[in-house]
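Here is the structure we will look at.
Computed from heavy atoms alone, side chains included, the values below leave out hydrogens, waters and symmetry copies. Note that the coordinates shown come from a computational prediction; the quantities given were computed from them, not determined experimentally.
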Amino acid sequence: MPLGDTRCRACRTHEETVMHLLSACPQYAPTLYTDRHNMALKVLYYHLRHEYKIDEQSIAQYQVRDPEAVITNDRCKLYWNFSFSTTTQLPHNNPDLMILDSLEKKMYVTAMSCPADTNIADKEDENIRKYKDLMYNFKNIYKKYETIFIPIIVGVMGRMKSNIVVYL
């Protein structure tokens with residue numbers, strides 16, 4: 001029995017495979033993939049808000065609302081998808097999260113990606129390269145802070161590199 005047309009029903013240009021649907025369909029990239037990325041990142045964002053005492057109580061998963069671009073308290077500034085001004089114009093100046101910890105004098109810059117499981121290592125390298133210039137700018141602007149880049153790469157099927165624990 002012939003299968004018929006195996007092209008993706010959404011984009012009609014590529015073969016409809018599980019990996020194509022989860023991570024490579026151009027029809028889903030601007031909406032569904034971005035929503036999945038943001039929902040996963042919100043878990044970390046709200047955890048950090050609680051850890052840094054921005055929120056008195058942790059926020060339940062079902063209560064998660066859209067994050068504020070910048071929120072502060074006496075210990076930190078937490079940035080969500082914020083476009084930073086830099087000394088030179090950079091194509092990548094808005095990491096997913098940035099924490100400026102004024103108590104410990106540390107800056108944590110985070111970029112998260114959810115690629116196909118076979119692209120995890122490549123995506124980690126890409127994020128490190130992509131934000132290298134921004135990290136250099138931050139080191140010059142925030143001279144008293146240790147700057148730390150944290151690439152969080154979680155495959156669409158939940159796979160992660162073993163070094164993710166080191167970053168977190």
Phe84 atom CZ, over 12 foreign heavy atoms within 6.0 Å: yes

Which atom of Phe149 lies closest to which atom of Ala111, heavy atoms considered: CZ-CB, 3.8 Å

Within-4.5 Å side-chain heavy-atom neighbours: Asp133 and His92: no

Expected output: side-chain Asn93 to main-chain Thr86 donor-acceptor under 3.5 Å: no

Check: Asp122 main-chain N/O paired with Asn119 side-chain donor or acceptor under 3.5 Å: no

Test side chain to side chain contact (heavy atoms under 4.5 Å, CB included) applied to Cys76 and Leu103, step by step: CA-CA 8 Å; Cys76 78; Leu103 186 64; over 6 Å; no

Met107 side chain reached by Phe138 side chain, heavy atoms, under 4.5 Å: yes

Charged N-O contact under 4.0 Å between Glu124 and Lys161: yes

Lys139/Glu146 ion pair, N-O < 4.0 Å: no

Whether over 12 other heavy atoms sit under 6.0 Å from Lys77 NZ: no

Connected via hydrophobic side-chain network under 4.5 Å: Tyr142 and Leu134: yes

Leu22 backbone acceptor or donor facing Arg36 side chain under 3.5 Å: yes

Heavy-atom side-chain proximity of Val70 to Leu78 below 4.5 angstrom: no

Test log, rule side chain to side chain contact (heavy atoms under 4.5 Å, CB included), inputs Lys42 and Asp66: CA-CA 8 Å; Lys42 283 178 189 178; Asp66 287 336; 3.0 Å; yes

Side chains of Tyr28 and Ser23 in contact at under 4.5 Å (non-hydrogen atoms): no

Closest heavy-atom pair and its distance - Leu97, Trp80: CD2-CE3, 3.6 Å

More than 12 heavy atoms from other groups under 6.0 Å of CZ on Arg9: no

Within one Ile-Leu-Val-Met-Phe-Trp-Tyr cluster: Ile153 and Ile128, side-chain cutoff 4.5 Å: no

same_hphob_cluster(Tyr136, Met98) at 4.5 Å side-chain heavy-atom cutoff: no

Asp117 (side chain) donor-acceptor with Met157 (main chain) under 3.5 angstrom: yes

Spacing of Leu90 atom CG and Lys130 atom NZ [to the nearest 0.5 Å]: 13.0 Å

Minimum heavy-atom distance between Tyr33 and His20, given as atom pair plus value: OH-O, 3.1 Å

Check: Lys123 side chain, Ile120 main-chain N or O, donor-acceptor pair, under 3.5 Å: no

Check: Ala29 main-chain N/O paired with Thr34 side-chain donor or acceptor under 3.5 Å: yes

Tyr131 OH to Glu126 CD distance, which is reported to the nearest 0.5 Å: 9.5 Å

Lys/Arg-Asp/Glu bridge criterion (N-O < 4.0 Å) met for Lys106, Asp101: no

Reported CE-to-CG distance for the pair Met112 and Asn38, which is rounded to 0.5 angstrom: 9.0 Å

CG-OH distance between Asn81 and Tyr45, expressed to the nearest 0.5 angstrom: 11.5 Å

Asp5 side chain near Arg12 side chain, heavy-atom distance below 4.5 Å: yes

Val156 side chain reached by Met19 side chain, heavy atoms, under 4.5 Å: yes

Donor-acceptor side-chain pairing of Asp96 and Thr110 below 3.5 angstrom: no

Nearest-0.5 Å distance that lies between atom CG in Asn137 and atom OG1 in Thr87: 3.5 Å

Heavy-atom side-chain contact between Leu21 and Cys8 under 4.5 Å: yes

Tyr79 OH to Glu68 CD distance, which is reported to the nearest 0.5 Å: 13.5 Å

Asn127 side chain to Ser113 side chain, donor-acceptor N/O pair below 3.5 angstrom: yes

Sub-4.5 Å side-chain heavy-atom contact between Glu104 and Arg75: yes

